[in-house]
Amino acid sequence: MQQLVFATNNRHKLDEVSAKINGEIKLLTLHDIGCYDDIEETGTTFKANASIKSQHVYSEYHLNCFGDDSGLEIDALNGEPGVYSARYAGTHGNHAANIGKVLENLQGETNRKARFRTVISLMWEGDEYFFEGTVEGTIRNEIAGEGGFGYDPIFEPEGYDITFAEMSMTEKNAISHRAKAMEQLIAFLNKAAG
Ligand SMILES: O=c1[nH]c(=O)c2ncn([C@@H]3O[C@H](COP(=O)(O)OP(=O)(O)OP(=O)(O)O)[C@@H](O)[C@H]3O)c2[nH]1
Ligand SMILES: [Mg+2]
């Protein structure tokens, strides 16, 4: 079975991707390979940051691996929070504060259009490949739901009347940005394996 390191410290991403892969590929975590480094995301694009994560693992451990950089792009905020989604309100991973800042910035705004975007960088047998996925939606005025992570409680995907946080992981994994990028990665690996 093919083996891949997922260069993330985000447990929710790991859970979503593990469910998506469904045992087809053996997924290793950073901790599985003894990597406890703080991989600094110095890029200004999802692509650059995804690359930083996979390149770090590849250069240190010489293992096939991939990194996911993702975030929320809100049209009325000129694409913010974008690559700064995880630290929009200042502290990395303070989801409640990040949501608060988005809702504040959108107060009185009628254009609620937004999308999640994921770019994956895969280092496979020494070469780099990119996969991208997006999901369109709107930003709610209030939070709803307990599932998921990040901005999920305020993101309503197009064609639904519930937020990502009100969906099961299986439902989110059928339509999400990350799921779409992962489907391409899985198809690539199936082809690479012949
Ligand atoms: O509601 C959400 N549902 C999602 O499906 C989702 N995907 C990304 N995001 C937001 O974007 C940041 C990623 O930043 P990010 O790619 O740097 O990841 P991270 O720092 O959490 O982990 P790592 O993979 O870098 O270790 C996250 O923290 C979230 O704020 C999401 N929010
Ligand atoms: Mg990060």
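As the structure lists them, so they are numbered: ligands from 1, and atoms in each ligand from 1. Note that these values count all heavy atoms, side chains included, but never hydrogens, waters or copies made by symmetry. Index from 1, following the sequence.
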Exercise for the section: Among all protein heavy atoms, pick out the one at the shortest distance from atom 30 (O) of ligand 1; state its residue, atom name and that distance to 0.1 Å. Expected result: Tyr151 CE1, 3.2 Å
Exercise for the section: Run the contact test for Phe164 against ligand 1 with a 4.0 Å cut-off on heavy atoms, strictly below, and give the result. Expected result: no
Practice task
Just give me the atom name: the N, O or S atom of Glu41 closest to the Mg ion (ligand 2).
Solution key: OE2
Problem - atom 7 (N) of ligand 1: the protein heavy-atom neighbour that sits closest, reported with distance to 0.1 Å - result: Arg178 NH2, 2.7 Å
Practice task
Report the nearest protein non-hydrogen atom to atom 3 (N) of ligand 1: residue, atom name, distance rounded to 0.1 Å.
Solution key: Asp152 OD1, 2.7 Å
Fill in the blank from the handout: atom 5 (O) of ligand 1: of Lys172, Lys53, His95, the nearest heavy atom sits on Lys172
Practice task
Decide whether Ser176 and Glu16 meet the rule of one side-chain donor and one side-chain acceptor closer than 3.5 Å.
Solution key: no
Completion exercise
In terms of its nearest heavy atom to atom 28 (O) of ligand 1, the top option of Ala86, Ala50, Gly71 is Ala86
Handout entry: Arg140 and Thr163: side chain donor to acceptor below 3.5 Å
Key = no
Handout entry: Donor-acceptor contact present, side-chain Lys53 to main-chain Ile39, <3.5 Å
Key = no
Exercise for the section: Please say whether more than 12 non-hydrogen atoms of neighbouring residues, nucleotides or ligands are located less than 6.0 Å from NZ in Lys47. Expected result: no
Fill in the blank from the handout: If you scan protein heavy atoms around atom 6 (C) of ligand 1, the nearest is Phe149 CZ, 3.3 Å
Practice task
Using distance alone, decide if ligand 1 has a nitrogen or oxygen within less than 3.5 Å of any nitrogen or oxygen in Phe116.
Solution key: no
Fill in the blank from the handout: Interatomic distance, CD@Glu132 vs CD@Gln184, rounded to 0.5 Å, equals 8.5 Å
Problem - Numbering as shown, the atoms of ligand 1 that approach Asp68 to under 4.0 Å (heavy-atom distance) - result: 16 (O), 24 (O)
Practice task
Please confirm whether His177 comes under 4.0 Å of ligand 1, counting heavy atoms of the residue only.
Solution key: yes
Handout entry: Protein contact of atom 21 (O) of ligand 1 - nearest heavy atom, named by residue and atom, plus distance
Key = Asn10 ND2, 2.9 Å
Exercise for the section: Provide, to 0.1 Å, the distance between atom 13 (C) of ligand 1 and the closest protein heavy atom, together with that atom's residue and name. Expected result: Ser70 O, 3.2 Å
Practice task
Check whether NZ of the Lys or CZ of the Arg Lys13 lies under 6.0 Å from the centre of the six-membered ring of Phe6 and within 45 degrees of that ring's axis.
Solution key: no
Fill in the blank from the handout: Counting from 1 in the order shown, the ligand 1 atoms closer than 4.0 Å to a non-hydrogen atom of Asn9 are 23 (P), 26 (O)
Exercise for the section: Just say parallel, tilted or perpendicular for the rings of His177 and Phe116, cut-offs at 30° and 60°. Expected result: parallel
Handout entry: Which atom of Met167 lies closest to which atom of Ile175, heavy atoms considered
Key = CE-CD1, 3.8 Å
Completion exercise
In this structure, atom 18 (O) of ligand 1 is nearest to the protein heavy atom Lys13 NZ, 2.8 Å
Practice task
State whether the side chain of Ser54 and the backbone N or O of Met123 hold a donor-acceptor pair below 3.5 Å, judged by distance alone.
Solution key: no
Handout entry: Sub-4.0 Å atoms of ligand 1 with respect to non-hydrogen atoms of Asp69
Key = 15 (P), 16 (O), 17 (O)
Practice task
Starting from the C-alpha separation in whole Å, work towards a yes-or-no answer on salt bridge (charged side-chain N to carboxylate O under 4.0 Å, His left out) for Arg117 and Asp69.
Solution key: CA-CA 8 Å; Arg117 187 184 302 278; Asp69 202 61; over 6 Å; no
Problem - Minimum-distance pair of heavy atoms, taken over all atoms of Cys65 and Tyr58 - result: SG-N, 3.9 Å
Problem - Distance-only donor-acceptor check, side chains Asp32 and Thr29, under 3.5 Å - result: yes
Exercise for the section: Take every heavy atom of Leu72, measure it against each atom of ligand 1, and state whether any distance is under 4.0 Å. Expected result: no
Handout entry: Atoms in ligand 1 flagged as close to His92, the criterion being non-hydrogen separation under 4.0 Å
Key = 20 (O)
Handout entry: Main-chain N/O of Ala187 paired to Asn190 side chain as donor or acceptor, under 3.5 Å
Key = no
Fill in the blank from the handout: Within 4.0 Å of some non-hydrogen atom of Ser85, the atoms of ligand 1 are 10 (C), 11 (O), 12 (C), 30 (O)
Handout entry: Ligand-side contact atoms (ligand 1) for residue partner Thr8, heavy atom cut-off under 4.0 Å
Key = 22 (O), 23 (P), 24 (O), 26 (O)
Practice task
Could you list the atoms of ligand 1 found under 4.0 angstrom from a heavy atom of Glu41?
Solution key: 17 (O), 20 (O), 25 (O)
